[in-house]
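In what follows, a structure is listed as structure tokens, so that the remarks can point back to it.
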Amino acid sequence: ALFFVLGGFGGDSEDDQSTGDETSVEQTNPAEDPTTPDETTPDETTPAEDPTTPDEDAAAVAFGDAASAGDVEITVGRPEPFQPAEGAAGAQKTSEAVVHEVTVTNRGDAPLGIGSYYLLAQSGGQDAERIFDYTQEIRLPSDPVPPGESQTYRVAWGVQDAGDLAVTASVRGSGSEMPTKLTWSN
């Protein structure tokens with residue numbers, strides 16, 4: 001995974017950033033009042049609040065291609081037109097819908113649960129609405145993916161413009177790592 005270290009936010013100066021060799025931060029920004037009772041001083045146990053994500057600027061892969069984060073490999077298939085059944089959850093707010101086949105492969109040593117990643121989509125500059133249509137097998141998988149195996153299921157979205165679609169998977173790392181984002185687009 002590619003990670004960026006950004007400075008300049010939160011009032012930090014170059015002298016405030018740890019190189020990994022120090023055990024504590026010696027200098028503070030004079031604009032910050034270290035005596036304020038509810039504030040913490042920057043150290044290795046208090047991560048900076050960064051509004052960006054490490055992979056925000058990563059190039060998207062094409063629909064149908066595989067992308068990996070850690071022990072998880074995900075392929076989001078090409079979007080196909082989709083007609084949700086009457087009463088399908090999420091289909092009420094859109095006039096256009098697409099469906100993808102999603103394959104998740106577990107390259108790790110432990111079962112991979114659905115909580116290890118999640119999918120979001122944007123279309124026409126707006127968040128796409130996730131559609132659940134149980135009559136057409138459009139639902140979340142319920143079983144974990146065993147080590148060394150794959151699971152394929154279908155995901156549907158209500159979209160503004162099927163020609164302008166991006167699907168992002170946020171894959172959670174172990175421990176306190178930020179999720180890695182993988183993006184597919186057309």
Side-chain angles (χ1 to χ4, degrees), residues 1-6 8-9 47-85 87-108 112-145 149-174 176-186:
L2 178 62
F3 290 91
F4 297 96
V5 177
L6 302 175
F9 49 82
E49 290 187 33
D50 182 1
T52 63
T53 56
D55 297 324
E56 182 178 13
D57 296 325
V61 297
F63 286 118
D65 290 345
S68 296
D71 293 333
V72 180
E73 179 182 281
I74 301 174
T75 303
V76 176
R78 291 178 181 81
E80 300 292 331
F82 178 68
Q83 181 61 49
Q92 300 79 6
K93 299 178 182 177
T94 185
S95 60
E96 188 174 8
V98 296
V99 65
H100 304 269
E101 196 166 83
V102 175
T103 301
V104 179
T105 302
N106 181 357
R107 305 246 183 252
L112 178 68
I114 187 69
S116 300
Y117 67 95
Y118 62 92
L119 299 174
L120 298 173
Q122 285 203 328
S123 171
Q126 298 181 14
D127 291 339
E129 184 76 26
R130 183 86 177 251
I131 297 174
F132 294 94
D133 187 340
Y134 295 99
T135 63
Q136 297 187 62
E137 302 294 320
I138 307 295
R139 65 181 97 199
L140 292 174
S142 57
D143 296 325
V145 183
E149 295 188 22
S150 297
Q151 183 177 72
T152 300
Y153 61 100
R154 299 184 327 148
V155 175
W157 308 98
V159 297
Q160 296 296 316
D161 178 2
D164 179 19
L165 178 64
V167 175
T168 300
S170 289
V171 182
R172 294 189 176 108
S174 61
S176 62
E177 293 178 24
M178 291 180 65
T180 299
K181 294 192 178 205
L182 308 171
T183 301
W184 294 261
S185 65
N186 50 3

Using every non-hydrogen atom in the two residues, find where [X] and [Y] come nearest and quote the distance to one decimal.
X: Q151; Y: D143; answer: NE2-O, 3.0 Å
X: F132; Y: R139; answer: CD2-CA, 4.1 Å
X: A60; Y: S185; answer: CB-OG, 3.5 Å
X: G163; Y: N186; answer: O-OD1, 3.3 Å
X: R154; Y: V99; answer: CB-CG2, 4.0 Å
X: T168; Y: K181; answer: CG2-CB, 4.0 Å

Practice task
Measure the shortest side-chain to side-chain distance between W184 and V102 over non-hydrogen atoms and say whether it is less than 4.5 angstrom.
Solution key: no
Problem - Heavy-atom side-chain proximity of V61 to L182 below 4.5 angstrom - result: no
Practice task
Can you measure from CD (E96) to CG (L165) and round to the nearest 0.5 angstrom?
Solution key: 9.5 Å
Exercise for the section: Hey, could you give me the OG1/OH distance between T103 and Y153, rounded to the nearest 0.5 Å? Expected result: 9.0 Å
Problem - Y117: ring-ring contact (aromatic ring centres under 6.0 Å, His included) partners, not counting sequence neighbours - result: none
Handout entry: N/O donor-acceptor pair under 3.5 Å between S123 side chain and Q160 backbone
Key = yes
Exercise for the section: Using modelled atom types only, decide if a donor and an acceptor are shared between the side chain of Q92 and the backbone of A88 within a distance under 3.5 Å. Expected result: yes
Handout entry: Worked check of side chain to side chain contact (heavy atoms under 4.5 Å, CB included) between Y118 and R172
Key = CA-CA 9 Å; Y118 62 92; R172 294 189 176 108; 3.8 Å; yes
Practice task
Quick one: do W157 and E129 satisfy side chain to side chain contact (heavy atoms under 4.5 Å, CB included)? Show the steps, please.
Solution key: CA-CA 5 Å; W157 308 98; E129 184 76 26; over 6 Å; no
Exercise for the section: Walk me through it: do I131 and Q136 pass the test side chain to side chain contact (heavy atoms under 4.5 Å, CB included)? Expected result: CA-CA 11 Å; I131 297 174; Q136 297 187 62; over 6 Å; no
Name each donor-acceptor pair under 3.5 Å that joins a side chain in residues 62-85 to protein atoms two or more places apart or in another chain, with its distance.
residue : atom : partner : partner atom : Å
E73     : OE1  : R107    : NH2          : 3.1
E73     : OE2  : R107    : NH2          : 3.2

Practice task
Take L140 and R130 through the side chain to side chain contact (heavy atoms under 4.5 Å, CB included) test and state the conclusion after the steps.
Solution key: CA-CA 11 Å; L140 292 174; R130 183 86 177 251; 3.3 Å; yes
